[in-house]
Q: 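Quick one: structure below, then a few questions.
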Amino acid sequence: EPQYLHPAVAAAWRALVADVRAHAGVTLAINEGFRPFALQQHYWNTLPYPYAATPGTSTHGWATAVDMANYARVDKTLLRRLAQARGFSFATGDRVKEPWHIEFIGSLTTWAGSNVTPIPAQEEDDMYDAAAEARLRSQLELERPLKLVALVDDKGAGGWVWVDSE
C-alpha cells in the first residue's frame, strides 16, 4: 500500500533513504506517512495520552511525518545525523518514546533536487470543489475550512487530499 507524503517531504525522504543505503547498506521504508483525519480521531479515542495527537494537530495529518521501518538496523547516531541533514527531526519521537517517528522541519517550499514539480496555482484553483469541501466538513463536523493539498507517495506518484486547515 503506498504511503503518501507532502511533495517536499517525499523528496527529502527519498534522499534520506539513499543516504542511509549508501552509508549503512540498509534500505529504510515507510510504515506510515499521511494519516487521514478519521484515523487520527480513532487513535485519539482509543489510545492513551501521549500516544495520539489531538485530531487536526498530528504531523501525519499534514503528511510531514514518517514512521520508519528498518530504522533499528541503522546506527542511531548515523541515522540521526543523516536525517537531520535532510531536514528531519526526532524531537517528537523522542518525547513520546517512538524512535521510528521523524518529522520534516525543513522548508515545504523547497523543491530543489526533487523530481516532483509543484502544481501551478491556477491548476490548483481549477481543482477546488466547494461542494466537496462542504460535504467533507459536514461529515467531520468541522466549522473551519479545509485545505486541498498535493501529496506524493513513496514512489513519486501524485494525488490530492483534503486536510484540516488548523
Side-chain angles (χ1 to χ4, degrees), residues 1-40 42-44 47 49-121 123-124 127 147-166:
E1 177 174 323
Q3 294 295 319
Y4 291 93
L5 299 171
H6 181 285
V9 180
W13 170 255
R14 285 192 295 274
L16 174 59
V17 169
D19 291 348
V20 170
R21 189 179 305 120
H23 287 85
V26 174
T27 301
L28 294 176
I30 301 175
N31 276 335
E32 186 175 28
F34 171 73
R35 180 182 302 149
F37 186 90
L39 182 56
Q40 186 64 38
H42 169 74
Y43 288 160
W44 177 255
L47 296 174
Y49 178 83
Y51 297 106
T54 304
T57 67
S58 170
T59 51
H60 281 288
W62 290 103
T64 59
V66 174
D67 286 346
M68 301 178 288
N70 302 332
Y71 71 94
R73 297 175 45 210
V74 182
D75 175 76
K76 183 178 180 178
T77 302
L78 175 65
L79 179 59
R80 284 174 177 268
R81 181 173 57 80
L82 294 174
Q84 289 169 353
R86 293 298 182 178
F88 289 98
S89 170
F90 285 82
T92 300
D94 289 345
R95 182 176 51 79
V96 297
K97 299 182 178 24
E98 293 182 354
W100 56 85
H101 179 89
I102 58 175
E103 296 177 350
F104 187 72
I105 58 172
S107 171
L108 294 176
T109 59
T110 300
W111 301 87
S114 168
N115 65 356
V116 177
T117 303
I119 296 171
E123 291 181 33
E124 286 181 25
M127 295 186 73
K147 180 177 177 182
L148 186 63
V149 249
L151 300 179
V152 294
D153 69 15
D154 51 348
K155 307 285 189 280
W160 291 90
V161 67
W162 289 102
V163 296
D164 192 347
S165 63
E166 286 191 357

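All of these numbers come straight from a predicted model, not from anything done at the bench.
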Q: If you define the side chain from C-beta out and look only at heavy atoms, does anything of Thr27 sit under 4.5 Å from Arg21?
A: yes

Q: Quick one, Asn70 with Val74, criterion side chain to side chain contact (heavy atoms under 4.5 Å, CB included). Give me CA distance, side-chain angles, the key distance, then yes/no.
A: CA-CA 8 Å; Asn70 302 332; Val74 182; over 6 Å; no

Q: Start with the C-alpha gap between Val20 and Met68, add the side-chain angles, then the distance that decides, and say whether side chain to side chain contact (heavy atoms under 4.5 Å, CB included) holds.
A: CA-CA 12 Å; Val20 170; Met68 301 178 288; over 6 Å; no

Q: Answer yes or no: is there a side-chain heavy-atom contact under 4.5 Å between Trp13 and Ile102?
A: yes

Q: Would you give the length of the straight line joining atom CG of Leu39 to atom CZ of Phe34, rounded to the nearest 0.5 angstrom?
A: 9.5 Å

Q: Can a donor-acceptor pair be found, under 3.5 Å and without considering hydrogens, that links the side chain of Gln3 to the backbone of Gly33?
A: yes

Q: Mind listing the closest non-hydrogen atom pair of Thr54 and Thr57 along with its distance?
A: O-OG1, 2.6 Å

Q: Under 4.5 Å between any side-chain heavy atoms of Leu28 and Leu79, yes or no?
A: yes

Q: Enumerate the residue pairs fulfilling ring-ring contact (aromatic ring centres under 6.0 Å, His included) with a member in residues 67-102, sequence neighbours excluded, ordered by first and then second residue.
A: His60-His101, Phe88-Phe104

Q: Heavy atoms only: give me the nearest Ile105-Ser89 pair and the separation to one decimal.
A: CD1-CB, 3.7 Å

Q: Does Thr64 reach the main-chain N or O of Thr59 with its side chain, forming a donor-acceptor pair under 3.5 Å?
A: yes

Q: Do any N or O atoms from the side chain of Gln40 and from the backbone of Ala53 form a donor-acceptor pair under 3.5 angstrom?
A: yes

Q: Not counting sequence neighbours, list each pair that qualifies as a salt bridge (charged side-chain N to carboxylate O under 4.0 Å, His left out) and has a residue in residues 77-96.
A: Asp19-Arg86, Arg80-Asp94

Q: Quick one: closest heavy-atom pair of Leu5 and Ala65, and the distance?
A: CD2-O, 3.7 Å

Q: Considering non-hydrogen atoms only, spot the tightest contact between Ala24 and Leu78 and give its length.
A: CB-CD2, 4.0 Å

